[in-house]
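In the text below, chain A, chain B and the rest are named by the order of the sequence lines, each starting its count at 1.
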There are 2 protein chains.
Amino acid sequence: MSTDPVWPEEMFSDLDRTGPVPLYYQISSRLERAIREGVIPAGARLENEIAIGERLGLSRPTVRRAIQELVDQGLLVRRRGIGTQVVQARVSRPVELTSLHEDLTRVGHHPTTEVLSVEHVAADEDAAARLQVPVGTVISRIRRVRSADGTPMAILENLLPPEFADITAADLEKQGLYEMLRARGITIKIANQTIGARRTHGDEHELLDIAKGSPLLTMDRVAFDHGGRVVEAGHHCYRPDLYSFETTLVSR
Amino acid sequence: MSTDPVWPEEMFSDLDRTGPVPLYYQISSRLERAIREGVIPAGARLENEIAIGERLGLSRPTVRRAIQELVDQGLLVRRRGIGTQVVQARVSRPVELTSLHEDLTRVGHHPTTEVLSVEHVAADEDAAARLQVPVGTVISRIRRVRSADGTPMAILENLLPPEFADITAADLEKQGLYEMLRARGITIKIANQTIGARRTHGDEHELLDIAKGSPLLTMDRVAFDHGGRVVEAGHHCYRPDLYSFETTLVSR
DNA sequence: GAGTGGTCTAGACCACCAT
DNA sequence: TGGTGGTCTAGACCACTCT
């Protein structure tokens, strides 16, 4: 048995077969938007891969790859012998290789950053281990407070290797750290993150405008470029009443 | 230019071309083990896809898929025009659709579970919303304490829809909840997780043997089967000095 | 038995990077 | 200029599910 098309006729009428954007990506991103906006409703059954391919003039592997992207995101479910369906559950976007600054902007908040300090210091043993540089190397240590719509949300402490010694406080007020690195042609390929919790220490409660000793949500991250070099090491603490980490897990 | 083989000659000598295990999976899992065990060292360059295919008697798409699995896991990095390399950074396994019970077992700890209560109650508004059942439906509410090697690590509160009303405390002492669901043929396809932090409430500090009002790491999860039905809704709190969430993020 | 997704093959052309 | 991964095609066979 086959299924009627569940998307508007013209949805894929303007595929660009010559440009740099892969066909599978054009398909999957259009489909993703239609699903997230509800144009294709939860529970809807898609046509089978071959039928879609014929309608769009694409080979089956290309259609398949587009669909697989959405399966990996948790938007679609496939079962052999059954078909492909739009998932019923609400799906959150995965934790991504972006900064808090970009996260907030995307959600429509207005993030501001106060740079508390930009120091150039000799790496102690701990910092050297995290950045994978020799002890004593002169590194940059940044401390910032990020607010959304005027409310302090997080304290961001970052360590940078020597090559970024010229980054200034003024730069960091305007852009997120990751934007700035990207503008310098630095591509972050991999990051290891650890999410935990602890009490406030030192002046953290003042900076975040919460009670002394109250809980903080923490995230430690080490980011690497394609060559395996450490680009950045961060220790962030978030106000747990204002911030949490959401993920959607998909079984393989 | 081409590269010398970086893995032992016999590593892929016993591929099973008739069994149910996909060839790409046989390749990727063997490669993963070799990388994690250091048999293939960090920074090593792999041969190109076509050469590997010829050596193993496989087509390029099959080899490519095997490699892609490891790229998605953050173990390999590929760059066009350059080649494929083993990543230098330590890579942690991603947060998975498994239970804490299985996580601990895998790391070699001995998890024990104390079942505090198994109740069958009418769902209030909050519980009904989380399980997506009508208010007043009789659901199961489970409360457990999980310990590793005798130390309490987490309080696990779970809500189950009516179909699991027959699960007993005795069952839960022996197996993780997820194992039990799997044994009943329930496949969890998707889960939404939120990780946060808060202070202890009520008797939580006693159960976890920590100070009253101290920080907890929390994880809320709603798990769905392939049909979008809610299988389980959980609220877990962890001792932040004993537990944290690790992830490796990979840029696409 | 009919229909579906899962896997695999054998090619092709292109964009990017190094030399 | 040669080597690499990125994309795409046009088939094929199989395993699974429903009726």
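One interatomic measurement links the two molecules: CG of A/L76 to P of C/dG6, which rounds to 12 Å at whole-angstrom precision. With rounding to whole Å, B/E54 atom CD is found 14 Å from C/dT9 atom C1'. The nearest whole Å value for the distance from the CZ atom in A/R17 to the P atom in D/dG6 is 22 Å. Here C/dG5 presents its C1' atom at 13 Å from CG of A/L46, a figure rounded to the nearest Å. Per the geometry, CD1 belonging to B/I52 stands 14 Å off C1' belonging to D/dG3, to the nearest Å. The OH atom of B/Y25 sits 13 Å away from the P atom of C/dC8 (whole-angstrom rounding). One atom, CZ of B/R45, and another, P of C/dA18, lie 11 Å apart when rounded to the nearest Å. In this structure, A/K189 places its NZ atom 13 Å from P of D/dG5, rounding to the nearest Å.
Side-chain contact, B/R144 with B/T113: no donor N or O sits under 3.5 Å from an acceptor N or O. Side chains of B/N192 and A/T248: a donor on one and an acceptor on the other come within 3.5 Å. Residues A/Q68 and A/Y24 bring no donor and acceptor atom of their side chains to less than 3.5 Å of each other. B/R221 and B/H236 are not linked by any side-chain donor-acceptor pair at a separation below 3.5 angstrom, with hydrogens and angles left out of the test.
The base of D/dG6 is not paired with the side chain of B/R79 by any donor and acceptor separated by under 3.5 Å.
Phosphate contact (OP1/OP2 of D/dT9, side-chain N/O of A/T62, threshold under 4.0 Å): present. Put simply, A/R64 has no side-chain N or O that comes within less than 4.0 Å of OP1 or OP2 on C/dG5. Put simply, B/R78 has a side-chain N or O that comes within less than 4.0 Å of OP1 or OP2 on D/dG6. Phosphate contact (OP1/OP2 of C/dG5, side-chain N/O of A/T84, threshold under 4.0 Å): present. The side chain of A/R60 places no N or O atom within less than 4.0 Å of a non-bridging phosphate oxygen (OP1 or OP2) of C/dC8. In this model, the phosphate group of C/dC8 is not approached by any side-chain N or O of B/Y24 to a distance below 4.0 Å at OP1 or OP2. Distances shorter than 4.0 Å separate none of the side-chain N or O atoms of A/N48 from OP1 or OP2 on C/dG3.
Nucleic acid contact class of B/I50 (heavy atoms, under 4.0 Å, all strands): none. Among the protein residues, A/P61 comes within range of the nucleic acid bases, having at least one heavy atom under 4.0 Å from a base atom.
The nucleotide whose nearest atom lies closest to any side-chain atom of B/R80 is, among D/dG6, C/dT4, D/dA10, D/dG6. Nearest to the side-chain atoms of A/L23 among the listed nucleotides C/dC8, C/dT7, D/dC8 stands D/dC8. Listed nucleotides: C/dT7, C/dT4, D/dG5. Nearest to the side chain of B/E49: D/dG5.
Between B/R78 and B/E49, at least one side-chain nitrogen of the basic residue sits less than 4.0 Å from a carboxylate oxygen of the acidic one, meeting the salt-bridge criterion.
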**OP:** Evaluate side chain to side chain donor-acceptor pair (under 3.5 Å) for B/D171 paired with B/Q175, printing each intermediate quantity in order.
**Re:** CA-CA 6 Å; B/D171 295 334; B/Q175 295 180 92; 5.8 Å; no
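Each of A/V63 and A/I82 has a nearest nucleotide on DNA chain D; the 5'-most of these lies closest to A/V63. Both B/R65 and A/T18 lie near DNA chain C, and the one whose nearest nucleotide falls closer to the 5' end is B/R65.
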